[in-house]
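Some notes on the structure that comes next.
If you read the sequence from its start, that first residue is 1, and numbering goes on from there.
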Amino acid sequence: MVPTVPLPRRPLDPGVPVDPVQQWYENELGWATVPGPPARLVTGALFDVLEGPAEAGFAALRHLGPGSPVVLHGDRMGLLVAAGSAEELPGLLDWLEWGGLALDLTAVGEGGSVEAPPPPGPCTAPAGGETREGPRGAARWLRPPEPGCAVRPALPTLSALGGGGVGGAPDLVRVVQTMATQCHRVRLGRVSAQPLTSSYFSRIDAGTRPRSLTS
């Protein structure tokens, strides 16, 4: 990420309890927050968040490589992308011919917010990389942002189409295509793992057997 000048710190009000999580994001990163508990990060100004099933997200990260910050929240994964990407997502999915499918791929943008993970520290992730284990589904960073560095230049954006962004971030089209592909694979896997439908068994109980069983 691109280094920046030190960010201004919010003055402390002696009469207001201090939320260390909210204070860290505002003072160290300059990110807008919504008071909690839990504190939340405002989307739509510095970044949007592309969200999908964690299973699909882990698979996508293996193809996308290092890049912008990533957060894990229970069984959902969020990739920070350029502000405005949430508005572009429906059109991108249509253009990539994913528009007619239920992918469980969404984006949080202007007017929204996401839960703020605890500030990164020694327990955020092991040195070996991402892990699937989380503290009872609480939000946490897989790839944390860096204090004192601008996040926007490293985020996937349409302006980076055809090439990587600053810091190795891929273009937004590639991110969406990769996430959509993995979301579709997860969906197909879940559908194939489902047992026979109740309508099948109701027909058996009623004595109406499928043709395949009467021939």
Quick one: closest heavy-atom pair of [X] and [Y], and the distance?
{"X": "Glu110", "Y": "Asp48", "value": "N-OD1, 4.2 Å"}
{"X": "Leu80", "Y": "Ser68", "value": "O-OG, 2.9 Å"}
{"X": "Pro53", "Y": "Cys183", "value": "CD-SG, 3.6 Å"}
{"X": "Ala59", "Y": "Gln182", "value": "CB-OE1, 3.2 Å"}
{"X": "Val21", "Y": "Pro117", "value": "CG1-O, 3.9 Å"}
{"X": "Ala39", "Y": "Asp19", "value": "CB-OD2, 3.7 Å"}

Mind running side chain to side chain contact (heavy atoms under 4.5 Å, CB included) on Leu64 and Leu79 for me, showing each step along the way? CA-CA 11 Å; Leu64 295 173; Leu79 286 72; 4.1 Å; yes

Just so I know, are the side chains of [X] and [Y] near enough to count as touching, which here means a heavy-atom distance under 4.5 Å?
{"X": "Leu142", "Y": "Arg140", "answer": "yes"}
{"X": "Trp31", "Y": "Glu26", "answer": "no"}
{"X": "Met77", "Y": "Val71", "answer": "no"}
{"X": "Val42", "Y": "Thr33", "answer": "no"}

Enumerate, atom names and distances included, each donor-acceptor pair closer than 3.5 Å involving a side-chain atom of residues 147-155, sequence neighbours excluded.
none

Does one hydrophobic cluster hold both Leu158 and Leu96, with members joined at side-chain heavy-atom distances below 4.5 Å?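 Linked, Leu158 and Leu96 end up in one cluster.
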
Is it the case that one hydrophobic cluster holds both Leu61 and Val176, taking links as side-chain heavy atoms less than 4.5 Å apart, direct or via other members?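 In one cluster with Leu61: Val176, yes.
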
Under the side chain to side chain contact (heavy atoms under 4.5 Å, CB included) criterion, do Glu115 and His73 qualify, and how do the steps go? CA-CA 8 Å; Glu115 183 175 328; His73 190 185; 3.1 Å; yes

Measure the spacing between [atom1] of [X] and [atom2] of [Y] and express it to the nearest 0.5 Å.
{"X": "Gln23", "Y": "Glu28", "atom1": "CD", "atom2": "CD", "result": "8.5 Å"}
{"X": "Met179", "Y": "Trp98", "atom1": "CE", "atom2": "CH2", "result": "12.0 Å"}
{"X": "Arg187", "Y": "Arg190", "atom1": "CZ", "atom2": "CZ", "result": "10.5 Å"}

Could you please spell out the steps behind the side chain to side chain contact (heavy atoms under 4.5 Å, CB included) verdict for Tyr25 and Leu41? CA-CA 8 Å; Tyr25 282 103; Leu41 304 176; 3.6 Å; yes

Treating Arg40 as the side-chain partner and Ser113 as the backbone partner, does any N or O pair qualify as donor plus acceptor under 3.5 Å?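 Indeed, once roles are kept as given, a pair shorter than 3.5 Å links the two residues.
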
Apply side chain to side chain contact (heavy atoms under 4.5 Å, CB included) to residues Thr181 and His63 and explain how you reach the verdict. CA-CA 11 Å; Thr181 300; His63 295 281; over 6 Å; no

Could you list the donor-acceptor pairs under 3.5 angstrom formed between side-chain atoms of residues 82-93 and any protein atom two or more places apart in sequence or on another chain?
residue : atom : partner : partner atom : Å
Ser85   : OG   : Ala82   : O            : 2.7

Cut-off 3.5 Å, no hydrogens considered: what does the side-chain donor-acceptor table look like for residues 102-109, sequence neighbours left out?
residue : atom : partner : partner atom : Å
Asp104  : OD1  : Arg76   : NH1          : 3.0
Asp104  : OD2  : Arg76   : NH1          : 2.8

